Amino acid sequence: MSELDALYQEIILDHYKNPHHAGLRDPFEAEVHHVNPTCGDEVTLRVHVADGLVSDVSYDAVGCSISQASASVMADLVIGKPVDEAMAIHESFLTLMQGKGQVEPDEDVLEDGIAFAGVAKFPARVKCALLSWMAWKDATAQSLETQS
Amino acid sequence: MSELDALYQEIILDHYKNPHHAGLRDPFEAEVHHVNPTCGDEVTLRVHVADGLVSDVSYDAVGCSISQASASVMADLVIGKPVDEAMAIHESFLTLMQGKGQVEPDEDVLEDGIAFAGVAKFPARVKCALLSWMAWKDATAQSLETQS
Amino acid sequence: MKGLLPELEVIRKDFPILERTVSGGLPLIYLDSANTSQKPQVVIDAMVDHLEHHNANIARAMHTLGAESTEAFEAARDKVAAFLGAPSRDEVIFTKNASEALNLIAGTLAWKGPRQVGEGDEVVITEMEHHSNIVPWQLLTERTGATLRWFGLTDDGQLDLADIDTLVTERTKVVAFTWVSNMLGTINPVAELTRRAHEVGAIVVVDASQAAPQLPIDLAAMAPEERPDVVVFTGHKVVGPTGIGVLWGRAGLLGELPPFLGGGEMIETVRMERSTYAPIPHKFEAGTPPITEAIGLGAAVDYLGHLGLAAVRDHEHAITAYALDGLATIPGLRVLGPLDPTRRGGAISFEIDGVHPHDVAQVLDSRGIAVRAGHHCARPAHARFGVQSSTRMSSYLYTTPSEIDALVEALEYTRSYFKLD
Amino acid sequence: MKGLLPELEVIRKDFPILERTVSGGLPLIYLDSANTSQKPQVVIDAMVDHLEHHNANIARAMHTLGAESTEAFEAARDKVAAFLGAPSRDEVIFTKNASEALNLIAGTLAWKGPRQVGEGDEVVITEMEHHSNIVPWQLLTERTGATLRWFGLTDDGQLDLADIDTLVTERTKVVAFTWVSNMLGTINPVAELTRRAHEVGAIVVVDASQAAPQLPIDLAAMAPEERPDVVVFTGHKVVGPTGIGVLWGRAGLLGELPPFLGGGEMIETVRMERSTYAPIPHKFEAGTPPITEAIGLGAAVDYLGHLGLAAVRDHEHAITAYALDGLATIPGLRVLGPLDPTRRGGAISFEIDGVHPHDVAQVLDSRGIAVRAGHHCARPAHARFGVQSSTRMSSYLYTTPSEIDALVEALEYTRSYFKLD
Ligand SMILES: Cc1ncc(COP(=O)(O)O)c(C=O)c1O
Ligand SMILES: Cc1ncc(COP(=O)(O)O)c(C=O)c1O
């Protein structure tokens with residue numbers, strides 16, 4: 001497989017064309033707006049936490065295939081999970097992205113997220129893949145603060 | 001003659017040890033203070049112009065042999081001369097200094113000043129040689145303004 | 001093709017990086033010159049020669065190396081002055097880049113002096129500026145209570161001068177605009193805008209970061225009322241090194257401005273209580289300047305002067321025209337900015353329906369083609385055209401028609417890669 | 001001689017300029033390293049390799065060259081962070097020199113924010129500062145109505161700390177001082193001064209321009225109350241290139257400061273009405289940074305790290321001790337500054353009765369020896385010792401004892417040249 005094909009896995013292009021959980025929804029405790037200053041990609045993202053669970057993640061994102069697909073996969077992975085477990089998934093995705101292509105992804109944890117393994121070899125695209133994940137972490141932290 | 005000896009001509013060292021016209025005197029129309037920011041050399045200089053003549057130039061200077069000797073030679077050359085002629089001598093000294101060692105000095109005009117021909121080959125020292133001349137020009141221009 | 005630089009293949013040999021391959025052996029096709037230009041060997045050699053044989057601090061040093069270094073540094077100032085046709089070489093100030101040069105002006109206008117900007121005053125910029133010609137003016141106006149206003153853009157990417165008389169008024173203290181847009185390619189009417197600004201007593205600051213690489217500039221030849229008060233550009237876009245920029249300013253204006261950065265070299269005398277400052281250019285060059293970089297820039301403008309800026313401009317026009325024709329063949333491709341190649345610079349931003357600019361740039365990169373994707377530090381201009389980002393190709397004096405062919409072919413491939421047909 | 005760097009002759013081979021001859025064939029004896037240091041081949045090669053093979057703009061570029069360039073630039077930041085033992089690599093800001101770094105702090109303190117300096121506030125500096133650590137504070141205090149105060153000096157060239165409790169009070173917002181004096185060689189008590197300043201809530205700015213080349217620095221290892229808030233140094237004095245300086249600042253403080261220069265790279269989002277800014281380090285790096293220069297600096301601090309800063313310091317001590325002994329043999333020579341070699345840096349300023357420093361430097365230059373004459377950008381310290389200017393010799397890691405012998409001999413010759421015996 002060429003590096004390009006490794007980057008643009010079918011799974012990524014599918015999520016890009018049909019993003020899951022897109023759009024902004026109520027209820028939510030925190031809404032954040034993150035941008036990638038290099039290219040201007042943006043995401044507005046809301047998190048609803050209830051009873052220690054990530055009950056909902058909704059978002060409105062403008063950006064490239066990698067950043068859009070990443071938001072979709074992220075929402076799939078964390079919605080309905082206990083906050084702790086979702087944070088662990090975030091950690092695991094971050095490790096994959098910062099691994100310069102040397103980290104083996106764990107499909108049991110990352111599911112469709114393993115398709116991003118090829119992105120780690122393109123330093124300029126790592127930020128794209130992480131944009132919505134960082135926004136989610138930020139919003140979740142804020143949600144927890146609101147509640148305490 | 002070595003370049004060093006060409007720089008430190010006997011005439012220069014004599015003027016350095018026994019500067020002519022040194023000290024600040026009355027009367028004067030203008031007093032200026034010039035510094036060489038690179039090295040901190042300073043000169044305070046007064047000019048008295050009367051009847052179109054440079055009647056007196058007096059100064060208080062701190063600096064290297066070149067800058068001290070130059071002040072002494074300058075005072076010798078311009079005191080008692082018509083302002084126009086003194087300005088022409090100034091021009092001629094300036095041309096010598098900026099000539100990178102390619103300009104032949106005119107002894108009839110510059111008298112002891114020709115000893116500075118060697119300085120023109122040392123770009124860093126040209127500023128030393130010009131310090132008091134520039135101060136004199138400035139003060140003379142101010143004197144003339146005061147009178148008009 | 002008419003207008004290309006003669007002996008283009010020989011010129012290309014001057015640029016060592018063009019021998020490079022990328023993406024597993026493909027030749028490099030560098031179409032990102034509006035971002036930064038590549039460097040000819042002669043610029044690199046000038047820097048190396050300085051570092052290996054003449055390195056010393058300038059002005060302050062009294063020894064042989066110091067004299068050599070100072071002479072080389074000041075000779076670079078002369079070369080830059082000649083490159084701009086500057087009325088006086090002392091009006092050429094070395095900064096670290098164009099951004100610092102713009103901040104130097106905007107920053108000093110905040111402080112006491114005959115030009116101080118304050119409440120009730122207005123600064124006028126345009127919607128097509130690079131962030132480096134927006135943010136300094138936002139900081140100035142926010143901090144002083146002045147008002148920031150701007151020219152909008154027409155649909156074909158020109159400045160909308162319809163409101164000029166309501167925008168530029170006696171309240172206007174500064175009019176700042178780019179000579180050539182780094183996103184749209186638009187060439188702005190410098191003489192006309194400057195004349196109008198001068199009528200109301202405003203100072204005119206022109207960002208020539210994209211003009212200096214590709215247009216002949218002759219400040220001394222301009223009518224004084226049409227000559228800007230400040231012109232800035234950046235070394236790395238004119239085949240020179242990073243770490244160096246240029247501010248040319250009218251001596252009278254520079255004399256009126258208070259100091260920008262304080263420190264060594266910019267002083268006359270320092271006492272603990274108070275200091276006095278050196279005349280220009282040194283007044284605005286605090287600390288050890290970018291010496292090696294100035295020397296590299298001197299070699300760079302010499303190199304451009306040797307080719308001839310008029311010839312470089314013609315080359316850019318020819319390549320740009322050829323590229324516009326090629327891009328027009330791609331389905332769903334829209335160019336942002338003027339379409340007449342003779343009235344624009346060599347940066348061409350575009351979007352392709354259905355593929356995000358990042359993804360375009362990525363596919364091109366896999367074919368060895370370097371372009372830029374994003375907002376190119378011109379987010380407001382993108383917003384004006386309703387887009388988040390774009391892909392930009394930018395040619396320079398070393399660009400060949402066959403590189404443009406490769407770009408067009410790669411864009412076709414991109415569309416098919418993303419299954420757009 | 002004890003303490004010299006092992007294999008000094010091999011080290012000298014790393015510096016191409018040391019092969020040079022001057023003044024008609026004499027070997028160069030470079031004793032002006034406190035002014036600027038010479039560059040090893042590995043630094044020059046790193047810059048050339050970048051220019052010939054990887055040149056591209058950083059961050060903004062999405063292509064292979066852009067990725068390589070960005071990686072090399074950010075790796076340089078990591079290297080500098082390691083060199084300083086910085087608690088976080090994001091606290092390392094690249095500037096154009098030490099002077100800009102000091103102006104960055106002084107300049108931003110003038111504007112709205114939790115640290116803003118205003119009337120009634122005081123800034124404390126010292127009488128031994130380089131002009132670059134005086135003038136920025138004069139500008140800040142003059143412009144904001146704050147008051148500038150300073151530590152005086154003792155006769156043996158130490159800071160006079162007797163008044164510390166009347167100088168550093170609750171009114172004090174900033175205490176700024178040099179770690180090592182570039183004129184007197186004095187090493188100042190950073191920990192003690194910082195602790196006291198922190199007790200009153202002041203921020204501490206340390207000018208490490210002369211310390212970084214010759215002392216091991218480990219910020220993370222300092223006790224937080226003794227760790228300065230800001231430490232700056234300049235690339236060209238640590239065997240790196242011109243055009244680059246470093247500001248390390250505590251993240252918390254840098255977060256509180258408003259932006260310095262506005263433009264590309266330092267933004268988060270730009271709208272015409274208003275912009276938001278990127279987090280550090282980018283917040284303070286407007287425009288295209290000195291990319292090649294950062295890469296050269298990275299190679300430079302790697303080179304120093306490889307020699308070991310402790311070994312460099314020991315070398316400097318050994319050479320300085322030897323030089324002080326040699327200078328003591330010259331009739332009429334007076335050293336300005338501390339005489340204990342283990343408690344000072346390697347810059348030795350002196351005067352010789354009856355010969356002006358310029359004339360000393362000139363005669364030395366005719367013998368191939370490069371020293372500095374003048375006020376070394378420390379005019380107030382000269383005034384304190386009642387002198388207009390001085391001659392300064394400054395050694396570095398490539399200086400040999402026999403070069404010091406040559407200096408001493410040339411000083412004797414100078415005295416006889418001016419007929420002082
Ligand atoms: C103690 C000290 N501070 C600041 C500076 C200024 O460094 P730069 O000129 O590189 O800004 C120097 C050197 O000139 C110095 O010795
Ligand atoms: C039009 C324009 N202005 C200003 C700049 C800023 O130049 P620099 O990043 O070198 O400061 C650029 C390039 O980035 C530009 O294209």
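No experiment lies behind these values; they were computed from the predicted model shown. Each chain gets a letter, A, B and so on, in the order its sequence line appears, and its residues count up from 1.
- For the set C/T95, C/T234, C/N97, the count of heavy-atom pairs under 4.5 angstrom toward chain D peaks at C/N97.
- Side chains of D/L65 and C/R20 form a contact here, defined as non-hydrogen atoms less than 4.5 Å apart.
- Residues D/G287 and C/S99 come closest through the heavy atom pair CA-OG, 3.2 Å.
- Proximity to chain C is limited to the side chain of D/H358, based on heavy atoms less than 4.5 angstrom apart.
- A search for salt bridge (charged side-chain N to carboxylate O under 4.0 Å, His left out) contacts involving C/E19 returns nothing, not counting sequence neighbours.
- Using modelled atom types, no side-chain atom of D/N57 and backbone atom of C/T36 make a donor-acceptor pair closer than 3.5 Å.
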- Task: Kindly determine whether D/D365 and C/M62 satisfy side chain to side chain contact (heavy atoms under 4.5 Å, CB included), including the steps that lead there.
- Result: CA-CA 8 Å; D/D365 187 49; C/M62 296 277 147; over 6 Å; no

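- Counting all heavy atoms, side chain and backbone alike, D/P259 lies closest to C/L139 at CG-CD2, 4.2 Å.
- Proximity to chain C is absent for every atom of D/A383, based on heavy atoms less than 4.5 angstrom apart.
- Contacts of C/Q138 with chain D are made by side-chain atoms alone, with heavy-atom separations under 4.5 Å and no backbone atom involved.
- Counting heavy-atom pairs under 4.5 Å between each of C/D45, C/T292, C/I244 and chain D puts C/T292 at the top.
- The nearest pair of heavy atoms linking D/S23 to C/T64 is OG-OG1, 4.2 Å.
- Contact of D/R143 with chain C is made through backbone and side chain together, with heavy-atom distances under 4.5 Å.
- Using cut-offs of 30° and 60° on the angle between ring planes, the pair D/F260 and C/F260 is parallel.
- Atom CD of D/E100 sits about 6.0 Å away from atom CG of C/L261, to the nearest 0.5 Å.
- Only the side chain of D/I134 comes within less than 4.5 Å of a heavy atom in chain C; its backbone stays farther off.
- Between the side chain of C/E265 and the backbone N or O of D/C377 there is no donor-acceptor pair closer than 3.5 Å.
- Between C/M272 and D/T126, the shortest heavy-atom contact is CE-O, 3.4 Å.
- Of the atoms belonging to D/E273, heavy atoms from both backbone and side chain fall under 4.5 Å from chain C.
- Contacts between D/L148 and chain C at a heavy-atom distance below 4.5 Å involve the side chain alone, from C-beta outward.
- With rounding to the nearest 0.5 Å, the separation of CD1 in D/I58 from CG in C/N35 is 10.0 Å.
- Chain D forms more heavy-atom pairs under 4.5 Å with one residue of C/A106, C/G235, C/A294, C/P16 than with any other, namely C/P16.
- Using modelled atom types and a 3.5 Å distance limit, the side chains of D/Q41 and C/E52 yield a donor-acceptor pair.
- Using a 4.0 Å cut-off between a side-chain N of Lys or Arg and a carboxylate O of Asp or Glu, D/E293 and C/K96 do not qualify as a salt bridge.
- Within the 4.5 angstrom heavy-atom criterion, only side-chain atoms of D/I125, from C-beta onward, approach chain C.
- Interface summary for chain C: among D/H54, D/M47, D/M266, the most heavy-atom pairs under 4.5 angstrom belong to D/H54.
- For D/V22, the part sitting under 4.5 Å from any heavy atom of chain C is the side chain, from C-beta outward, and nothing else.
- Proximity to chain C is limited to the side chain of D/I267, based on heavy atoms less than 4.5 angstrom apart.
- Using a 4.5 Å heavy-atom threshold, the side chains of D/P289 and C/T242 count as separate.
- In this structure, the separation between NE2 on D/H236 and CG on C/L51 is 13.0 Å, given to the nearest 0.5 Å.
- A salt bridge links D/R274 to C/E142: one of the charged nitrogens lies within less than 4.0 Å of a carboxylate oxygen.
- Of the listed residues C/G262, C/G374, C/P290, the one with more heavy-atom pairs under 4.5 angstrom with chain D than any other is C/G262.
- The backbone N or O of D/S37 lies less than 3.5 Å from a partner atom in the side chain of C/N55, making a donor-acceptor pair.
- Nearest heavy atoms, D/H131 versus C/G264: CB-N, 4.0 Å.
- Contact record, D/V135 with C/S275: CG2-OG, 4.0 Å, taken as the closest heavy-atom pair.
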